[in-house]
Amino acid sequence: MRRSHFELLRPICPACNRSGHSQALCINVVETEADGDVIAGILGCAHCGREYPVIDGLPVIVPDVRRYIQDNLFYIMARRDLTPAVESLLGDASGPGSGLDSIRQHVSSYVWDHWGDQDPQETAPAIGDASPSGVARALACGLEMIADDFPPGPVLDIGCGAGRSVVELAGRTGRQILGIDISMPLARVSRRAVVEGNVDYARRRIGMVYDRRRFGIDAPQRERMDVWICDVLALPFAPETFALAVGLNVLDCLSDPRLGLNEIGRVVRVGGQALLAVPFDWAAQVTPLEGWIGGHSQRGPHGGGGEALLDLMLSDGPLAAGALRREKPTREVPWHVRLHERSCMHYSTHLVAARREVQGRLDDTGT
Ligand SMILES: [Zn+2]
């Protein structure tokens, strides 16, 4: 956690914010620090007394820290120094569905999507002519749509995954960029890319067979980038902190997409923009059906279409989700998620830009 980002963004206690009290966090303990980058320490709230750990340079600023640590203990404690042969044996022995298996599959797909185009060993397209780094293409397309039309200030990259969009945003906007993600394994990849400028991951070949890939990436302006673990449903920031918020393929990964839109609208400055990409790939175990944006209730005015309902949520009217208002034409961008050498998912992700309206208002699900 870079002190420069902490001082610029002045994070607030997400637990106190939920009960309507805005309390800035303090750095209570620093155990390891290198060049203004806190590697291990504790942030604290003077109002409620809650503590938020900084683990391997990643501050964990979520409303229920205890629950997060209980749910993610395996990922927090997982070793990152395993050699390829030993990791392979541990993978086989722990078997499909194990914690190690879930980390490797998840990281394999996302790192390929974020950084595959910079991997010198990635010489051929994936199955179905799929090409890596769709996230970078979606971001480039979105930034073209908004054409630098946002006020001065920092940029929030929500669900930054393996970090490609953080690096692209730093290079393309010249702003201070904060990437946030709720996944500890992905945030670790992201931080390594941003801080060390390299990627090291197990790329799935088939089944439980993975090939280790390690390569340097093009990541200039590292001092402008940082990665934190935060929950988009309880963003630890005061209203109007960011000039631009980007959320690529994240809305359909939330338990409450409406609350997510509301939170994004809260932290964007008046006149600032939000850039969202949504493949509308809903899963009931992630988002309860009633929270899906489209994909149900086809008798309604939106005909069950996600695009139409998202448009209503970003427009004045009874379905408005907070302060963001769509103002540009939308676009569709191809996005590929590689599962293994014989399988790749092909998506079309829906890109929409929305602006925080002057008279910002939050709906009744907001905080
Ligand atoms: Zn607090």
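The structure displayed is predicted, hence computed values, not measured ones. Start at 1 and go down the list; that is how both ligands and their atoms are numbered.
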My understanding is that a hydrophobic cluster links ILVMFWY residues whose side chain heavy atoms are under 4.5 Å apart, including indirect links. Using that, what else belongs to the cluster containing [X]?
X      : answer
Met345 : Trp335, Val337, Leu339, Tyr347
Ile127 : none
Ile42  : Val29

*Could you name all protein N, O or S atoms found under 2.8 Å from the Zn ion (ligand 1)?*
Cys13 SG, Cys16 SG, Cys45 SG, Cys48 SG

*For the residue pair Phe6 and Trp228, categorise the inter-ring angle as parallel (less than 30°), tilted (30 to 60°) or perpendicular (more than 60°).*
tilted

*asked:* Check the orientation of His350 and Phe280. Use parallel for under 30°, tilted for 30 to 60°, and perpendicular for over 60°.
replied: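 The rings of His350 and Phe280 sit tilted, inter-plane angle from 30° to 60°.
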
*asked:* Surrounding CD of Gln298 (heavy atoms of other residues, nucleotides or ligands, distance under 6.0 Å), is the total greater than 12?
replied: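 Counting neighbours around CD of Gln298, 12 or fewer heavy atoms of other residues, nucleotides or ligands fall under 6.0 Å, so no.
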
